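Data first, discussion second: the structure below is written as structure tokens.
Computed from heavy atoms alone, side chains included, the values below leave out hydrogens, waters and symmetry copies. Every chain is numbered from 1 and lettered A, B, ... according to where its sequence line falls, protein lines coming before strand lines. The structure displayed is predicted, hence computed values, not measured ones.
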Protein chains: 2
Amino acid sequence: MAQKNLLKYILLGLLENEKKTGYDLKKLFETEIGEFWSAKHSQIYLELKRLEEEGYISSETGLFGNKLEKTYYTITDKGQRVLNEWEETPTGELPLNKDEFILKLYFIHDKNDERIQKMLSEQYRLHTSKLSHLKKRMILLFKDEVTRSKNYGHFLILDHAIRREEEYIGWIKQYLQ
Amino acid sequence: MAQKNLLKYILLGLLENEKKTGYDLKKLFETEIGEFWSAKHSQIYLELKRLEEEGYISSETGLFGNKLEKTYYTITDKGQRVLNEWEETPTGELPLNKDEFILKLYFIHDKNDERIQKMLSEQYRLHTSKLSHLKKRMILLFKDEVTRSKNYGHFLILDHAIRREEEYIGWIKQYLQ
DNA sequence: GTTTGCATGTAAAATGTTACATGATTAC
DNA sequence: GTAATCATGTAACATTTTACATGCAAAC
């Protein structure tokens, strides 16, 4: 997917409320954001550099311990405007969910092909495991109304992710023998 | 997603049962395959050239009318082996569904932010329209047991896509005021 | 005769992954 | 002291999109 550069907005969004280093951002892609987006540190550091050049973020370098340097990034007014603009723009098109398993299934023509059951049971394992992970996250992050109200968007998408996995599992079960 | 080169397998899979031109393949990405994968003609023609160089497919050029040339591609034994191998390899990891709407939602913190309802109603429109399209496809392609048995994998993923959209709509309805 | 669709390609640019590279700090 | 983690970057490569480019055939 080379074209929309959504990473730009993710970084701006993450820098909206507090300054962060490239490493902090990278960490977020390994946990929270990692549930619905991916980016490697090589891409993140490059994009941060570009965003600074364009004036969307600014940086300050601090020393940590004796010699270790950290670069903290903050969103600028210009960056904030760009972020708000993006948030208010209707998304318009539905994304394409590129799923390798779905692709493989497409090329199986015969109803009694043994591979179907193998694939379904592997997917069952993967999706139940994912579901259990998501449910744990939900309890951890949003155990009450107060926590939900603070990051309502995040709560909504986690709720959606859980429902999606439940649906996926229900579908597999229907065809799994 | 730059690395797995799944396009290679899609092209091999599509050439499995009958020879096709690059243009035929391009057309498939606009309809059938387009539901779950995308590729531009520029990428397809390039990949076909590479597949032929590597001996996975072979080509024959035919004349159509007076001057218009068509190049038909067929899968070779070597290509067939590579395709089978891929089909039998467990997919292993779950894909990441990159959804711009989900991303935007993530950055909205306040439960009463007006943008949430706007975004949800836009998504409602998009997903109901998608669902109706998928249901039409289902009736068109798989109206009886016979047609289902012939392309069972395709039937399964279309059934899944419909259920997924229904779930999506159900989720939106829960939060739409 | 003019628009739409058929048919095939190349080039440039953006995006993303993998690998290479280095060094500091913390936990054990 | 040594392994894991913190911290930042570059280089090479693969994938994907957008734009450029051309010409034939069919339908109206």
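Under 4.0 angstrom from either OP1 or OP2 of C:dT8 there lies no side-chain N or O belonging to B:K70. Close to D:dT8, at under 4.0 Å from its OP1 or OP2, lies no side-chain N or O of A:Y23. Distances shown here put a side-chain N or O of B:K27 below 4.0 Å from the OP1 or OP2 atom of C:dC6. B:K4 has no side-chain polar atom (N or O) that falls below the 4.0 Å cut-off from OP1 or OP2 of D:dT15. For the pair B:T21 and C:dT8, the criterion of a side-chain N or O lying under 4.0 Å from OP1 or OP2 is met. A:Y45 has no side-chain polar atom (N or O) that falls below the 4.0 Å cut-off from OP1 or OP2 of D:dG9.
For A:K19, the NZ atom sits in a loose shell: 12 or fewer heavy atoms of surrounding residues, nucleotides or ligands are nearer than 6.0 Å.
The residue A:K26 sits apart from the nucleic acid: no heavy atom pair falls under 4.0 Å. Backbone-only engagement by A:T71 is indicated by non-hydrogen atom pairs under 4.0 Å involving sugar-phosphate atoms exclusively. B:S38 comes within contact range of the sugar-phosphate backbone alone, with a heavy-atom separation under 4.0 Å but no base atom that close.
Residue A:K49 has its side chain nearest to D:dG9 when only D:dG9, C:dT15, C:dT17 are considered. Considering only the side chain of A:Y73, D:dG9 comes nearest among C:dT10, D:dG9, C:dT17.
Of the charged side-chain nitrogens involved, none lies within less than 4.0 Å of a carboxylate oxygen, so that A:K49 and A:E53 do not count as a salt-bridged pair.
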